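Counting convention: from 1, in listed order, for ligands and their atoms alike. Just so you know, these numbers come straight off a predicted model, no measurement behind them.
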Amino acid sequence: MSKPRYYFNEGNTKADLDFTNLGFDYFPCPYRFEAIYEYGVWRARGLVENNQLELPEGSQCVHYGQQLFEGMKANTGKDGNVYAFRPYENAKRMAEGARYLQGAAVPEELFVLGIEEAIAANLPFVPPYGSGAAMYMRPFWMGIDDNIGVKPARKYLYRVFVCPVGPYFKGGFGKDVGQQFMVGAYDRAAPLGTGHIKAGGNYASSFKPGCEAKAAGFAEALYLDPTNRRYIEEIGAANFLGFKGDTLITPDSHTVLPSITRDSLMFLAHKMFDWPTECRKIPLEELAELDAAACCGTAAVITWIKRIVDGTQEWTFEFDERWQKLYDTLIGIQNGDLEDPFHWRHEIPT
Ligand code: PLP
Ligand code: COI
């Protein structure tokens, strides 16, 4: 039997952190998982303690943005088990990104092994049931050759670090905390570019519109489609949702990141609540006809929208109880309070 990694006094099993007051911030948990691809095979290096990376200075990830990341959460259930949410969907999305960036995809089993190992090794830092916090997982992938030419790497690094986190937007979810967004003057992704994969470069492009929105007092930028600048794309690092009458609508676009949270919410709306759903083009001016608006993602969960501003135009919305219903159901499935009819929970072996 292997020896435990952590030893506690007085029967305590958690790190001495104030889990109820966490923001969405980096925290250096003791262990991270690492694997390397070279000579055509992936090899799990296992857990490492050093949170610094040593890379060849010519690495493709450094110069040419050959890099991907994922964002996922795990929750402690009432039963004390730790559950990740649909990790194979993130594995597939990262593999799709690697194929697009012409690199070696992380096999799904290795991707999931990485998150399992990183969570299990940092168990005292996983927020307890009822704290309102979650363990955020950040798997990432990068091309790391000794290189100077503009070409894909032959060698790749896969790493997973984890951080206990609280709400992404100030105030978290609640009737009284609707957020305000500003339509950005710049695009985050090109029409036939990398918007649909989780490449770091998309986020570099979002800094200018995002910082401008924040400087003007908004929570984030709303992106329009890069071809016509007419249709709603997404908001910061979250997808857009709206209710038009009974129907839950979301933009259909090749240039938005296919959100796993959005997929889950649309599925719940359709299969569990029998609400009509539509994935289609949503012109910005259609905001005037919506009854409610929100954005969603792993970090944002569901965040309802109070106001959207585009120059001199603006649209305002009220809180809608249907957001609460979606939120409660999603969180309930994630942390084990509710049945898991679609087999979305993945128990972490600890
Ligand atoms: N859109 C962007 C640009 C994102 O960065 C994210 C976060 O991952 C999302 C949407 C939401 O995706 P998911 O629900 O899979 O976290
Ligand atoms: C997530 O929602 O997990 C994300 O990856 C957003 C992140 C860029 C903060």
Quick check: does Glu70 get an N/O under 3.5 Å from an N/O on ligand 2?
->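 Between Glu70 and ligand 2, no N or O pair is found under 3.5 Å apart.
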
Purely on distance, is any nitrogen or oxygen of Lys198 under 3.5 Å from one on ligand 2?
->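 N/O-N/O distance under 3.5 Å: yes.
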
For ligand 1, which atoms have a heavy atom of [X] less than 4.0 angstrom away?
X	answer
Arg93	12 (O), 13 (P), 15 (O)
Thr298	13 (P), 14 (O), 16 (O)
Asn239	1 (N), 10 (C)
Gly297	11 (C), 14 (O), 16 (O)
Lys198	4 (C), 5 (O), 6 (C), 7 (C), 8 (O)
Glu234	1 (N), 2 (C), 3 (C), 10 (C)
Tyr203	2 (C), 3 (C), 4 (C), 5 (O)

State whether [Y] and [X] meet the cation-pi test: NZ (Lys) or CZ (Arg) under 6.0 Å from the six-membered ring centroid, and within 45° of the perpendicular axis.
X	Y	result
Arg159	Phe140	no
Arg322	Phe243	yes
Lys73	Phe85	no

Distance-only donor-acceptor check, side chains [X] and [Y], under 3.5 Å:
X	Y	value
Lys198	Tyr203	yes
Tyr136	Arg138	yes
Thr194	Asn202	yes
Asn81	Tyr129	no
Thr20	Asp18	yes

Which atoms of ligand 2 sit under 4.0 Å from any heavy atom of Thr298?
->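 Answer for ligand 2: 1 (C), 2 (O), 3 (O).
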
Counting from 1, what ligand 2 atoms have a heavy atom of Ala299 closer than 4.0 Å?
-> 1 (C), 2 (O), 3 (O)

What part of Met72 sits under 4.0 Å from ligand 1 if we count only heavy atoms: the side chain, the backbone, both or neither?
->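 Within the 4.0 Å criterion, Met72 makes no contact with ligand 1.
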
Hey, is Ala238 touching ligand 1 through its side chain, its backbone, both or neither, going by heavy atoms under 4.0 Å?
->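 It is the backbone that touches ligand 1; the side chain stays farther off.
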
Which protein non-hydrogen atom lies closest to [atom], naming both residue and atom, and how far is it?
atom	value
atom 6 (C) of ligand 2	Ala237 CB, 3.6 Å
atom 7 (C) of ligand 2	Arg138 NH2, 3.7 Å
atom 9 (C) of ligand 1	Ala237 O, 3.4 Å
atom 9 (C) of ligand 2	Tyr168 CE1, 3.6 Å

Starting from the C-alpha separation in whole Å, work towards a yes-or-no answer on ring-ring contact (aromatic ring centres under 6.0 Å, His included) for Trp141 and Tyr156.
-> CA-CA 7 Å; Trp141 170 97; Tyr156 294 88; 4.8 Å; yes

Looking only at heavy atoms, what is the nearest atom pair of Ala221 and Pro209, with distance?
->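 Residues Ala221 and Pro209, closest heavy atoms: CB-O, 3.7 Å.
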
Nearest non-hydrogen partners of Leu101 and Gln66, listed with the distance |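 Nearest heavy atoms, Leu101 then Gln66: O-NE2, 2.9 Å.
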
Take the angle between the ring planes of Trp42 and Tyr37 and call it parallel below 30°, perpendicular above 60°, tilted in between.
-> tilted

Contact with ligand 1 for Glu70, non-hydrogen, under 4.0 angstrom | no

With a 4.0 Å cut-off on heavy atoms, is Arg188 touching ligand 1?
->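 It does, in that a heavy atom of Arg188 comes within the 4.0 Å cut-off of ligand 1.
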
Please test Leu241 against Leu248 for side chain to side chain contact (heavy atoms under 4.5 Å, CB included), starting from the C-alpha separation and ending with a verdict.
-> CA-CA 7 Å; Leu241 296 171; Leu248 181 61; 4.3 Å; yes

Ring center gap for Tyr158 and Phe111 short of 6.0 angstrom | yes

So, does Lys73 sit close enough to ligand 2 that a heavy atom of it is under 4.0 Å from the ligand?
-> no

Report the member of Tyr136, Phe69, Phe24 with the shortest heavy-atom distance to atom 4 (C) of ligand 2.
->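 Heavy atom nearest to atom 4 (C) of ligand 2 belongs to Tyr136.
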
Which of these, Ser259, Pro258, Gly236, has its nearest heavy atom closest to atom 12 (O) of ligand 1?
-> Ser259

Nitrogen or oxygen of Thr261 less than 3.5 angstrom from that of ligand 1 | yes

Looking only at distance, does Asn90 have an N or O less than 3.5 Å from an N or O of ligand 1?
-> no

